Participant: 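Okay, handing you the structure first.
Here is how names work: the chains are called A, B, and so on, in the same order as the sequence lines, proteins then strands, and each is numbered from 1. In this text, all values refer to a predicted model and were calculated from it rather than measured experimentally.
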Amino acid sequence: MKRIDCLRAIYPELEDCAVVTIMGAVAAELYSLGHRPNFFYLEHAMGLASSVGLGIALSQPERKVVVIDGDGSVLMNLGGLTTLARYAPRNLVHLVFDNEVLLSVGGGAPGGFKWFTTATSTGSDLAAIARGAGIRRAQLVRELDDFTEAALDGLKGDELTCVVAKVDAEMPASFLIDVHMLENRFEFARALQRMQAKTATGGTT
Amino acid sequence: MPVSATNSKVVYDAIKAAGVRLVSALPETWLVHLVRLADEDPDMILVRLAKEEEGVGISTGAHFAGLRTALLMQNHGFLQSINGIASLALLYKIPLLLLITDRGTMGERDPWQTEGGKYTRKVLDALNLVRDELNRPDEVRGKVAKAMTLAQSSLSPVALLLGRDLMWEEPTA
Ligand SMILES: Cc1ncc(C[n+]2csc(CCOP(=O)(O)OP(=O)(O)O)c2C)c(N)n1
């Protein structure tokens with residue numbers, strides 16, 4: 001399963017969501033499908049994408065929040081899964097692309113050579129860890145149809161959902177993101193607050 | 001417990017007056033009353049953390065969504081949060097109100113607290129973070145308000161060290 005195909009499958013549904021991605025490959029591929037002001041690419045702080053998502057979800061309970069994470073990043077903040085589970089925001093969907101490597105630092109090189117695998121390559125099961133952390137709806141998917149169904153269920157549903165998707169350790173076609181980090185940050189905050197103001201006045205978003 | 005309930009309330013009221021709606025915390029002894037006050041307040045969102053660095057992410061998300069926040073931690077929790085502060089808050093210009101208990105300084109009895117106390121200020125300075133200290137109840141309200149104002153205008157973390165004289169009441173024996 002390819003990450004870009006997964007992203008393509010859910011892209012149309014992300015229009016009204018607050019979307020937070022990790023750095024590198026995931027961010028670049030989402031960007032390549034078409035940037036939107038409601039997409040925030042967390043370019044550096046490994047592990048904190050889910051915490052940023054939790055902060056948004058608790059602050060704007062009416063807004064659907066989608067965190068697009070990676071195995072290496074999740075492993076760096078496993079405690080954060082327990083915090084997510086504990087507050088279980090009904091408006092948060094946690095998608096984890098598990099490629100079993102630290103891809104964006106070149107951990108997966110062309111030709112399939114993997115020089116920095118994560119522990120998910122030797123059996124650590126992030127969906128099981130998420131369930132163990134207390135996230136009831138957490139599942140592992142390997143096929144595109146299953147990913148699409150689970151992710152869309154989460155987006156339409158009313159319960160904290162975690163979908164761990166096993167994907168190929170493939171570099172994106174390009175790492176280009178032609179939005180400066182600060183530009184992205186201010187644009188994103190403005191988008192969230194504008195969306196909030198519209199909801200508050202009863203308008204449609 | 002000789003943690004000052006009275007002065008904890010003074011600090012809590014100051015946070016509220018500064019417009020804080022969400023508090024994240026990983027406590028130590030000195031923070032017991034502050035966490036309880038946040039927990040008992042229906043208008044405050046309290047997030048109990050597994051590790052202090054998460055609080056940097058949560059406050060970032062809340063800031064994007066338009067909410068003011070405060071982070072409660074001890075100085076070792078601050079040390080635990082450094083990468084989040086550098087790689088997220090400083091890099092992305094995120095305002096944070098860091099309320100850090102100032103353990104390991106003059107009067108410290110717990111041997112395990114004494115190491116971090118020696119360089120909490122130096123680490124804050126190395127990060128170029130503006131800091132101040134809260135030692136007397138009468139200075140709390142003003143300093144918290146000013147720290148929040150500076151955090152919001154500079155879009156940067158600002159630290160307030162909660163001192164022993166404020167947080168701890170020596171039992172009279
Ligand atoms: C604390 C820290 N250590 C190392 C890095 C370098 N780094 C940037 S991206 C990355 C890999 C992220 O892996 P993962 O979350 O699995 O996403 P992938 O790149 O595989 O899509 C690493 C290690 C970093 N940004 N921060």
Side-chain angles (χ1 to χ4, degrees), chain A residues 18-20 22-23 37-38 40-63 65 67 73 76-87 89 91-92 133-134 180-197 200, chain B residues 19-27 35 38-39 41-73 77 80-97 127 152 154-157:
Chain A
V19 181
V20 179
I22 57 165
M23 72 287 278
N38 54 317
F40 177 63
Y41 316 108
L42 179 55
E43 280 298 347
H44 199 53
M46 257 183 100
L48 292 185
S50 59
S51 305
V52 173
L54 177 60
I56 300 169
L58 293 174
S59 304
Q60 293 193 348
E62 307 306 322
R63 160 109 28 255
V65 181
V67 175
S73 297
M76 205 176 275
N77 186 12
L78 283 181
L81 286 181
T82 66
T83 309
L84 265 187
R86 172 171 204 167
Y87 296 96
N91 53 331
L92 195 146
H180 189 274
M181 284 168 25
L182 289 179
E183 181 184 3
N184 182 214
R185 166 245 186 278
F186 285 110
E187 172 190 53
F188 180 70
R190 198 170 292 120
L192 289 199
Q193 290 170 36
R194 196 185 308 120
M195 287 154 100
Q196 178 77 351
Chain B
V20 169
R21 294 268 319 283
L22 183 151
V23 166
S24 70
L26 201 158
V35 172
D39 197 26
D41 182 351
D43 297 325
M44 187 66 81
I45 303 169
L46 170 67
V47 186
R48 291 179 157 93
L49 304 172
K51 177 180 173 179
E52 290 86 348
E53 189 188 18
E54 293 172 59
V56 178
I58 291 168
S59 283
T60 299
H63 171 70
F64 289 162
L67 241 60
R68 289 186 174 195
T69 67
L71 296 85
L72 297 179
M73 58 181 73
Q80 188 74 277
S81 316
I82 299 292
N83 188 52
I85 291 173
S87 298
L88 177 48
L90 291 172
L91 192 61
Y92 277 99
K93 296 190 76 66
I94 307 297
L96 299 178
L97 181 61
L127 291 167
Q152 298 288 332
S154 63
L155 296 175
S156 175

Participant: Please tell me whether A:F188 and B:Y92 form a close aromatic pair, meaning their ring centres lie under 6.0 Å apart.
Facilitator: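 Judged by ring-centre distance (under 6.0 Å), A:F188 and B:Y92 do not meet the cut-off.
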
Participant: What part of A:L42 lies closer than 4.5 angstrom to a heavy atom of chain B: side chain, backbone, both or neither?
Facilitator: both

Participant: At a heavy-atom distance under 4.5 Å, which candidate from A:A191, A:G79, A:S50 has the highest pair count against chain B?
Facilitator: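 So the answer, after comparing A:A191, A:G79, A:S50, is A:G79.
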
Participant: Can you name the nearest heavy-atom pair linking B:L155 to A:R185, along with the distance?
Facilitator: CD2-NH2, 4.0 Å

Participant: If we define contacts as heavy-atom pairs under 4.5 Å, which of B:T60, B:L67, B:L49 has the most with chain A?
Facilitator: B:L67

Participant: Going from NE2 on B:H63 to CG on A:L192, what distance comes out if it is rounded to the nearest 0.5 angstrom?
Facilitator: 10.5 Å

Participant: Atom OG of A:S59 and atom CZ of B:R21: how far apart are they, to the nearest 0.5 Å?
Facilitator: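 Reported value, rounded in 0.5 Å steps: 8.0 Å.
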
Participant: For B:R48, which residues count as a salt bridge (charged side-chain N to carboxylate O under 4.0 Å, His left out) partner, sequence neighbours excluded?
Facilitator: B:D39

Participant: Checking the side chain of A:Q193 only, and the main-chain atoms of B:F64 only, is there a donor and an acceptor separated by less than 3.5 Å?
Facilitator: yes

Participant: Please determine, among A:L58, A:T83, A:N184, the option with the most heavy-atom pairs under 4.5 Å with chain B.
Facilitator: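 Option with the top pair count is A:T83.
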
Participant: With a 4.5 angstrom heavy-atom cut-off, could you sort out which part of B:L90 is near chain A: side chain, backbone, both or neither?
Facilitator: neither

Participant: Between chain A and each of B:V47, B:L88, B:I45, count heavy-atom pairs under 4.5 Å; write down the option with the most.
Facilitator: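 Top count of heavy-atom pairs under 4.5 Å with chain A: B:V47.
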
Participant: To the nearest 0.5 Å, what is the distance between CD (B:E54) and CG (A:L84)?
Facilitator: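 Between atom CD of B:E54 and atom CG of A:L84 there are 8.5 Å.
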
Participant: For residues 42-62 of chain A, which residue pairs pass the ring pair (Phe, Tyr, Trp, His ring centres under 6.0 Å) check, not counting sequence neighbours?
Facilitator: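 Sorted result for residues 42-62 of chain A: empty, none.
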
Participant: So which atom in A:T82 and which in B:A50 form the shortest heavy-atom distance, rounded to 0.1 Å?
Facilitator: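 Looking at all heavy atoms of both residues, the shortest contact is OG1-CB, 3.9 Å.
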
Participant: Supply the atom-to-atom distance B:S59 OG to A:L48 CG, rounded to the nearest 0.5 angstrom.
Facilitator: 11.0 Å

Participant: Sort B:K93 into side chain, backbone, both or neither according to what part of it lies under 4.5 angstrom from a heavy atom of chain A.
Facilitator: both

Participant: Go through B:N83, B:L91, B:V56 and name the one with the most non-hydrogen pairs under 4.5 angstrom from chain A.
Facilitator: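 The candidate making the most pairs under 4.5 Å is B:L91.
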
